[in-house]
Amino acid sequence: MTSKIAYLTFAIVSVMIMAFAAHAQVKVTVDYNASGTGGFKFKNVPAPAKDDAGSKAKFVLLVGELDPNGADLSALTDGVLPVNEDEPAANLFFNAGGSGGRFRMDLGSVIEIAQINTYSWHPNTRGPQVYLLYASDGADPKFNPEPKGNTDPTRVGWKLLATLDTRPKQGQGGGQYGVSITDSTGALGKYRYLLFDFVATEMEDDWGNTFYSEVDVVAKKQN
Ligand SMILES: [Ca+2]
């Protein structure tokens, strides 16, 4: 029994090291305004853009249900932002009581991506962002464009770009968040598809699914 546990520990540590090596260049910048600002202006993370490369993306919901009190997936790229801290109709969020969900964005063609930025706003536990982000150019012969259920995207042609969690160590984390995912080389890579696994910030009550206001995909400027 002891040796089995020791083996498992070793296996987990190995996976963590490999994951670190594969994604060492990806940088996640998190910015926060406790009371929020009009237009989501942050110190480091750029304010949301209207004409970014994600603005015409097509969405497919793969796992989970959207909350009928919120907007649909297209609200993530419409360039329209909530003007106050608790505005369900201006945000995308998964259904009350659920643990989150998964959706895919199709950018229409392969583009070189410089940044992926996500924005959220809520007065308490639905403010912080917790998600996994995968990307693919669709070229892998094993590529599954719609991995559902418990399918691990990395086994069907997707690359895990980032895992992030902006929850504070203490408190509910209410406020406005901007997250920017970049790479030290200036580009995250060439991708057509993005897959988000949004995770609820808590399951102590039914209100843990984050109010996401916008997702921007910034193409790398070509020389
Ligand atoms: Ca929006």
Side-chain angles (χ1 to χ4, degrees), residues 28-96 98 100-108 111 113-133 135 161-162 164 166 173-182 188 191 193-201 207-219:
V28 175
T29 305
V30 178
D31 248 337
Y32 172 71
N33 294 315
S35 53
T37 67
F40 285 65
K41 291 190 176 63
F42 297 100
K43 194 174 168 207
N44 300 301
V45 172
K50 245 184 185 161
D51 56 350
D52 60 284
S55 60
K56 293 188 178 65
K58 292 191 168 61
F59 290 93
V60 181
L61 179 63
L62 297 172
V63 177
E65 291 174 15
L66 301 183
D67 194 309
N69 295 315
D72 65 19
L73 286 161
S74 63
L76 293 175
T77 52
D78 61 1
V80 179
L81 302 168
V83 293
N84 63 55
E85 64 177 7
D86 191 358
E87 201 178 319
N91 292 287
L92 175 286
F93 49 104
F94 280 92
N95 213 356
R102 172 183 290 178
F103 63 91
R104 189 197 77 192
M105 283 176 78
D106 179 357
L107 302 171
I111 61 168
I113 299 173
Q115 299 177 16
I116 297 168
N117 305 329
T118 57
Y119 304 90
S120 59
W121 195 13
H122 190 269
N124 50 62
T125 53
R126 313 183 94 166
Q129 302 183 21
V130 182
Y131 65 79
L132 290 82
L133 170 61
L161 272 190
L164 68 94
T166 74
Q176 197 174 63
Y177 290 81
V179 172
S180 185
I181 301 167
T182 56
L188 289 162
Y191 300 111
Y193 303 101
L194 301 176
L195 190 74
F196 286 89
D197 271 333
F198 282 175
V199 181
T201 64
W207 320 110
N209 280 304
T210 303
F211 275 27
Y212 285 94
S213 310
E214 196 73 11
V215 172
D216 280 358
V217 180
V218 180

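Quick caveat: nothing in here was measured; it's all calculated off a predicted structure. Indexing begins at 1, ligand by ligand and atom by atom, following the structure's order. Computed from heavy atoms alone, side chains included, the values below leave out hydrogens, waters and symmetry copies.
- With the Ca ion (ligand 1) at the apex, Glu214 OE1 and Ser213 O define an angle of roughly 80° (rounded to 10 degrees).
- Inter-residue side-chain proximity for Tyr191 and Leu161 is flagged as met; some heavy-atom pair is nearer than 4.5 Å.
- Using the six-membered ring where Trp is involved, Tyr212 and Phe198 have ring planes that are parallel, under 30° apart on the 30 and 60° scheme.
- Checked options Ile116, Asp216, Val45; the residue passing with Ser180 is Val45 (criterion: side-chain contact (heavy atoms from CB on, under 4.5 Å)).
- The closest donor-acceptor contact from the side chain of Gln115 to the backbone of Val218 lies at 3.5 Å or more, if one exists at all.
- Put simply, Asn91 stays out of reach of the Ca ion (ligand 1), with no N, O or S atom under 3.0 Å from it.
- Among the backbone and side-chain atoms of Val80, an N, O or S atom lies under 3.0 Å from the Ca ion (ligand 1).
- At least one N, O or S atom of Ala75 sits under 3.0 Å from the Ca ion (ligand 1).
- In terms of distance to the Ca ion (ligand 1), the nearest N, O or S atom of Asp78 is named OD1.
- When each of Val215, Leu132, Leu76, Leu73 is checked for a side-chain contact (heavy atoms from CB on, under 4.5 Å) with Phe196, only Val215 meets the rule.
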